[in-house]
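Some notes on the structure that comes next.
If you're wondering where the values come from, they're calculated on a predicted model, not measured in any experiment. Residues take their numbers from the sequence shown, with the count starting at 1. Atoms within a ligand are numbered from 1 in the order they appear, just like the ligands themselves. Hydrogens, waters and symmetry mates are skipped; everything else that's a heavy atom, side chains included, is used.
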Amino acid sequence: MAGAVNRENLDRIVGEIVQNTPVTDIHTHLYDPAFGDILLWGVDELITYHYLIAETMRWVDLPYEEYWRLSKVEQANLVWQTLFLDNSPYSEACRGVLTTLKALGLDVASRDLKAYRKYFGIRQVAEYVDQVFQIANLECVVMTNDPFDPVERRIWLDEVRTGKMERDQRFQAALRLDVLLNNWDTAWPQLKEWGFSVTAKLNEDTIQEVQRFLREWLEIMEPVYMAVSLPYDFQLPETSARATLIEKCIIPISRETGIPFAPMVGVRRRINPDLKDAGDGVGKMDIASIEYLCASFPENKFLVTLLSRENQHELAVLARKFRNLLPFGCWWFLNNPSLIEEITRMRLELLGTSTILQHSDARVLDQLIYKWDHSRQVITGTLVEKYADLLATGWILTEDEIKRDVEKLMGGNLWTFLERSI
Ligand code: FIX
Ligand code: ZN
């Protein structure tokens with residue numbers, strides 16, 4: 001059979017296919033370069049990633065406020081000295097910096113931070129975006145777009161809505177609703193100020209007005225999904241403002257428009273507030289809340305990622321029961337090779353090809369390089385194992401079939417789920 005795969009050529013064929021399949025990165029914190037400075041990139045941003053700040057502060061005897069008072073370059077110097085020079089940098093976030101520098105052609109052995117700064121100092125963002133997309137082999141990335149963020153809001157209203165800005169389609173939007181759903185007490189006065197006739201009490205008029213707000217932003221952003229990050233103790237059903245907003249506003253609008261709702265659950269926000277973004281932790285959630293959503297709203301689509309390792313098996317089992325649920329990615333503290341491997345293997349065993357294996361969560365453009373390099377390595381190894389098991393039964397596989405599967409797992413399933421293309 002043409003393109004037949006055997007145990008001898010399997011590693012090479014799977015490796016090449018995973019490498020050559022462009023990814024849809026379903027969750028990042030990156031922005032269309034036309035949005036300006038809010039797109040972070042360059043070596044100082046890479047080194048001051050909040051994952052690395054958390055690791056640095058375990059070593060240094062420095063009050064947190066003093067760290068935050070340092071300039072970006074001083075912060076990066078401290079992280080570099082502490083994690084890269086005084087210790088071997090094999091934590092996943094440290095290794096990622098080195099993978100990235102190497103892929104860009106920089107001399108990692110030199111440990112010369114000044115030389116790396118010089119390299120980035122002469123880059124132009126537009127061409128650098130192309131370079132990163134090419135190295136990481138990405139088709140597109142999905143942003144995280146908060147209509148309550150004053151900087152973003154201004155860009156969407158003044159630049160995008162008016163047609164002044166030419167959008168880069170490689171950066172798709174996701175309407176992020178943390179403020180609306182997790183902070184109704186601050187959300188409703190803000191909505192009121194923007195001209196929505198809402199009250200603290202979620203009466204019928206307020207529900208209609210929140211729906212109007214959502215419709216407006218769906219029209220402005222044209223997002224791929226509506227997302228929210230939820231704490232580990234999130235519960236549905238319940239009588240809270242959040243539960244009412246989800247059931248009475250998000251669910252009907254999501255059904256009406258076919259735009260999925262994406263709960264990202266399991267955060268313990270700011271368990272050490274002094275660490276700011278680096279101060280969040282993880283907790284196990286009750287999967288019954290996701291089950292409730294999938295079972296109660298069969299016409300709705302749910303994209304779900306969970307933060308706790310303990311919830312991953314339950315999520316995969318749930319997805320076997322509900323085709324309106326698509327689990328995605330190994331989020332945040334799960335985005336480490338050992339856990340990606342475990343979760344990927346388990347998902348392939350329980351769900352076959354009907355999942356999205358990974359997202360990057362990149363906050364800094366350059367991180368796309370390492371996050372996808374490291375994930376691709378793990379995905380390749382795990383897929384080789386699974387295809388080898390198939391070959392051992394006498395099953396015949398073709399390269400085209402492996403390509404078909406990998407395209408789905410690397411993000412193609414998102415577009416099928418959405419019933420649209422990019
Ligand atoms: O809520 C989220 O989307 C989280 O991914 C982030 O806010 C978190 O700080 C992060 O960067 C994780 O990778
Ligand atoms: Zn994120």
| How about the Zn ion (ligand 2), which protein N, O or S atoms come within less than 2.8 Å? | His27 NE2, His29 NE2, Asp361 OD1
| message | Could you identify the single nearest non-hydrogen protein atom to atom 10 (C) of ligand 1 and state the distance to 0.1 Å? | response | His50 NE2, 3.4 Å
| query | What residue and heavy atom of the protein are closest to atom 13 (O) of ligand 1, and at what distance? | reply | Tyr51 OH, 2.5 Å
Would you mind running through ligand 1 and noting each atom that sits below 4.0 Å from a heavy atom of [X]?
X      : value
His27  : 3 (O), 5 (O)
Arg363 : 6 (C), 7 (O), 8 (C), 9 (O), 10 (C), 11 (O)
Asp361 : 5 (O), 12 (C), 13 (O)
Arg176 : 1 (O), 2 (C), 3 (O)
Ser229 : 1 (O)
Arg269 : 1 (O)

For [X], look at atom [atom1] and say whether over 12 heavy atoms of other residues, nucleotides or ligands are found less than 6.0 Å away.
X      : atom1 : answer
Asn20  : CG    : yes
Lys284 : NZ    : yes
Arg95  : CZ    : yes

Would you call the rings of [X] and [Y] parallel, tilted or perpendicular, taking 30° and 60° as the class edges?
X      : Y      : value
Phe261 : Phe302 : perpendicular
Trp332 : His50  : perpendicular
His27  : His359 : perpendicular

| message | When you compare ligand 1 with Asp280, is there at least one nitrogen or oxygen pair between them that comes in under 3.5 angstrom? | response | no
| query | Would the Phe322 and Phe297 ring centres measure less than 6.0 Å apart? | reply | no
| request: Check the pair Tyr67, Val79 against side-chain contact (heavy atoms from CB on, under 4.5 Å), reporting the backbone distance first and the verdict last. | output: CA-CA 10 Å; Tyr67 174 82; Val79 174; 4.1 Å; yes
| Pair Lys118 + Asp112: basic N to acidic O under 4.0 Å | no
| Is the charged tip of Arg153 near the ring of Trp194: under 6.0 Å from the six-membered ring centre and within 45° of its axis? | yes
